[in-house]
2 protein chains.
Amino acid sequence: MTHRDKVTIEDVARAVGVSRQTVSRVINKGPNVKEAVRERVEEAIARLGYVPNLSARRMGGGRSFLILAVNDRQRTLENWKAGRGNDWVDQMLYGGMTECEKEGYHLVFELIDTDPQLAPVQLSNSIASLRPDGIILTPPHSDNEELAHMLTQRGIPCARIGRRAGTDYVDVFMDEIGAAEEAVRHLLREGHTKLAFLAGSPEYGTSQKRVEGFRKALEEAGLGADAGLVAKANFHFDTAASLLNDMLRGPDRPTGIIADNDEMAFAALHVADKLGLDVPDELAIVSFEDTPGVRFSVPPLTAIRQPTAEMIASACASLIEISRGKDAVGSYELPFRLIERDTTGAQRTRS
Amino acid sequence: MTHRDKVTIEDVARAVGVSRQTVSRVINKGPNVKEAVRERVEEAIARLGYVPNLSARRMGGGRSFLILAVNDRQRTLENWKAGRGNDWVDQMLYGGMTECEKEGYHLVFELIDTDPQLAPVQLSNSIASLRPDGIILTPPHSDNEELAHMLTQRGIPCARIGRRAGTDYVDVFMDEIGAAEEAVRHLLREGHTKLAFLAGSPEYGTSQKRVEGFRKALEEAGLGADAGLVAKANFHFDTAASLLNDMLRGPDRPTGIIADNDEMAFAALHVADKLGLDVPDELAIVSFEDTPGVRFSVPPLTAIRQPTAEMIASACASLIEISRGKDAVGSYELPFRLIERDTTGAQRTRS
DNA sequence: TCTCCAATTGAGAGCGTTCACAAGAAAATA
DNA sequence: TATTTTCTTGTGAACGCTCTCAATTGGAGA
């Protein structure tokens, strides 16, 4: 702890009586180092408290030991500014940091605009400045082919969250269609015959897939097109609330709502309360996301749990493997889970 | 956008017909560059899409353009693992990232153990590896004198959150004592005569100060020592719930609770519900923190809002100034705010 | 016009690592 | 034992920037 300030690889080499390169081999767990030498070097590293300088490593070897996670700037800032927080970001941090830390990497967060003009430029700049060993694209950036293509062209491993298209990339996703279907079936099973899907934004591929699953499940159940409404509320509380306010008034109103994120589900709760509809007896709600906040709502939300932290962790793990020269490109599907809480499960039968 | 891959300072210099050094001066807004030259260089930078390489900058000049934010590993991981999330982390990210981005810096997050043996070693390692230009210590690390001292000794600017002690450091804090006093007065004003403070951990200086403010306000109101209970619940839901479970049964129970964080306030809500105590009529609750989740609780929590994002932003701003050679060391007090929601404010008078 | 000082520009070294390659030692083969 | 082959180690260059200091330029003042 009381070591000299800046211990370099040279100091270690001198202490052991070997060359820089040998120490470097030990650090990087390279082959061709005699066991006895390795041990002496490791001892000296521990004794001197040597830690390799990341910048120098990057300069010398091209690896930065940095993973860059790219988020939707607009939505993230919007949420923050509204005092809403971003549980999604928190989860990413959890999955990403713990995984990176394990492997001696660091996770850096960046916000990038969705605008197709700005996105590539901003990403380019981040890359030029940070030179990360891998990049994680989250929705909706994961749906931007240009970005992914640019990264491949530059030889930067790229992982896409919520996307299952590629062969050149690491795609980490859950079965969005299947999840939406399960949500629908859950509601149908409880006797609902008219459902509405509060969609996020068509900009998000995940949103599209969920709409697809929503429609598919209704069709498979033999219900006509009018059994399923799709309303686009852009992930926003206010938009959702205002749409629902109209939608839930008519006599032919839907009795089951599936929301594309928790925020819109909260809006449903809010409107139900305002209109005097009992939840879940008169209106059942299933949300997508399952952020920590849902347990404090009234009543707690039934939700499809997205494996957010796990997806980011998996993406990091794959990117790190790739940066080490291994082949980890491919598709990774992670399981979702329907967590039943109190916005579904009415204690009665419908006609 | 279709620029060559790695544009270096040399490329820019060659394009303009000047030396590397001149370009470097322009980048760093250094003096002694003719206006005409500066303009030509800037034009070339834009045209070629040049972005300085952070690692190289760090190697050459010693600045890394990185700010390191250090958090309590145990508590953060605990929260994550429990699926609780860390709204605090999210807020930090918001304040820190937006401020850093503005100045061309990057924010990196690290988790460090509280253990006095491990903390300095882990921090040393992070420093050696990242060489950040500044470090933000959050509670309880901000109370660890050894850490702060080590940083000063190594010449690394250090900002401490929730601490108002130093002259050598950037201290960013709110008036914890005053906030606790305000919470107490708020409850007294509503007629409560027996209060309890659910304290976090004595490891946290902020906790200590709040206890101090709690006692002080009661004393100033002329109430005896038995008017104010202090229970140590370590920020945990379960611990708090179990303590309250006993505390709220007796006939002489407190009618007002002040919780050191939102999680413990939720526990109070939970226990009140279980014991059939109406909130706020039979039990009033004031929380400290005001994370986004509190608006979804039943009922929404009255809380002292900590200016978390603002504190981190301010810390970043100061650290960046210092790393630029300016003197920004000092104490920065940021205002808190009591936000009245529905866990206080009973519509009746007490005897 | 000449000198001198300030403003401007450039050249070379250095930061701490890894890379490519060369050299030496040990082991395997003949 | 002589000759490969394999394993181990070391050497110099390179990465892209900023630092220090030297060189050049342009005016102001003599």
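Being a predicted model, the structure only gives us computed values, none of them experimental. In the text below, chain A, chain B and the rest are named by the order of the sequence lines, each starting its count at 1.
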Specify the separation, in whole Å, of atom [atom1] of [X] and atom [atom2] of [N].
X      : N      : atom1 : atom2 : value
B:R57  : D:dC19 : CZ    : C1'   : 14 Å
B:R131 : C:dC15 : CZ    : C1'   : 11 Å
A:Q21  : C:dG16 : CD    : C1'   : 13 Å
A:R40  : D:dT8  : CZ    : P     : 15 Å
B:N53  : D:dT18 : CG    : C1'   : 13 Å
B:E10  : C:dG10 : CD    : C1'   : 12 Å
B:K6   : D:dC15 : NZ    : C1'   : 9 Å
A:R63  : C:dT17 : CZ    : C1'   : 13 Å

What distance separates A:K34 NZ from A:R25 CZ, expressed to the nearest 0.5 Å?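 Going from NZ on A:K34 over to CZ on A:R25, the span is 13.5 Å.
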Need one value for B:P31: base, sugar-phosphate or nothing, where a base atom within 4.0 Å counts as base even if backbone is also close, heavy atoms only.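 If one applies the 4.0 Å heavy-atom cut-off, B:P31 turns out to touch nothing in the nucleic acid.
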How is B:G60 classified with respect to the nucleic acid when contacts are heavy atoms under 4.0 Å: base, sugar-phosphate, or nothing?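 B:G60: base contact, heavy atoms under 4.0 Å.
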Please determine, for the side chain of [X], which listed nucleotide ([options]) has the closest atom?
X     : options                : result
B:T22 : C:dG10, D:dT9, D:dC17  : C:dG10
B:K34 : D:dG16, C:dG10, C:dT8  : C:dT8
A:M59 : D:dC15, D:dG10, C:dT17 : D:dC15
A:R20 : D:dC19, D:dG12, D:dC17 : D:dG12

For side-chain contact (heavy atoms from CB on, under 4.5 Å), just list the numbers for A:L66 and A:R58, CA-CA rounded to whole Å, side-chain angles, deciding distance to a tenth of an Å, and then say yes or no. CA-CA 10 Å; A:L66 254 37; A:R58 158 72 225 176; over 6 Å; no
Scan side-chain atoms only and decide if B:S331 and B:D171 contain a donor-acceptor pair under the 3.5 Å cut-off.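 B:S331 vs B:D171: no donor-acceptor pair found between side chains.
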Distance only, no hydrogens: is a donor on one side chain within 3.5 Å (strictly under) of an acceptor on the other, for B:S124 and B:R154?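 Yes.
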Does [N] have OP1 or OP2 under 4.0 Å away from a side-chain N or O of [X]?
X     : N      : answer
A:N32 : D:dT8  : yes
B:S55 : D:dC15 : no
A:S24 : C:dT18 : yes

Using every non-hydrogen atom in the two residues, find where B:C100 and B:I67 come nearest and quote the distance to one decimal.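 Looks like SG-CG1, 3.9 Å.
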Both B:R58 and B:S19 contact DNA chain C. Which one's nearest nucleotide lies toward the 5' end?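 On the 5' side of the pair lies B:S19.
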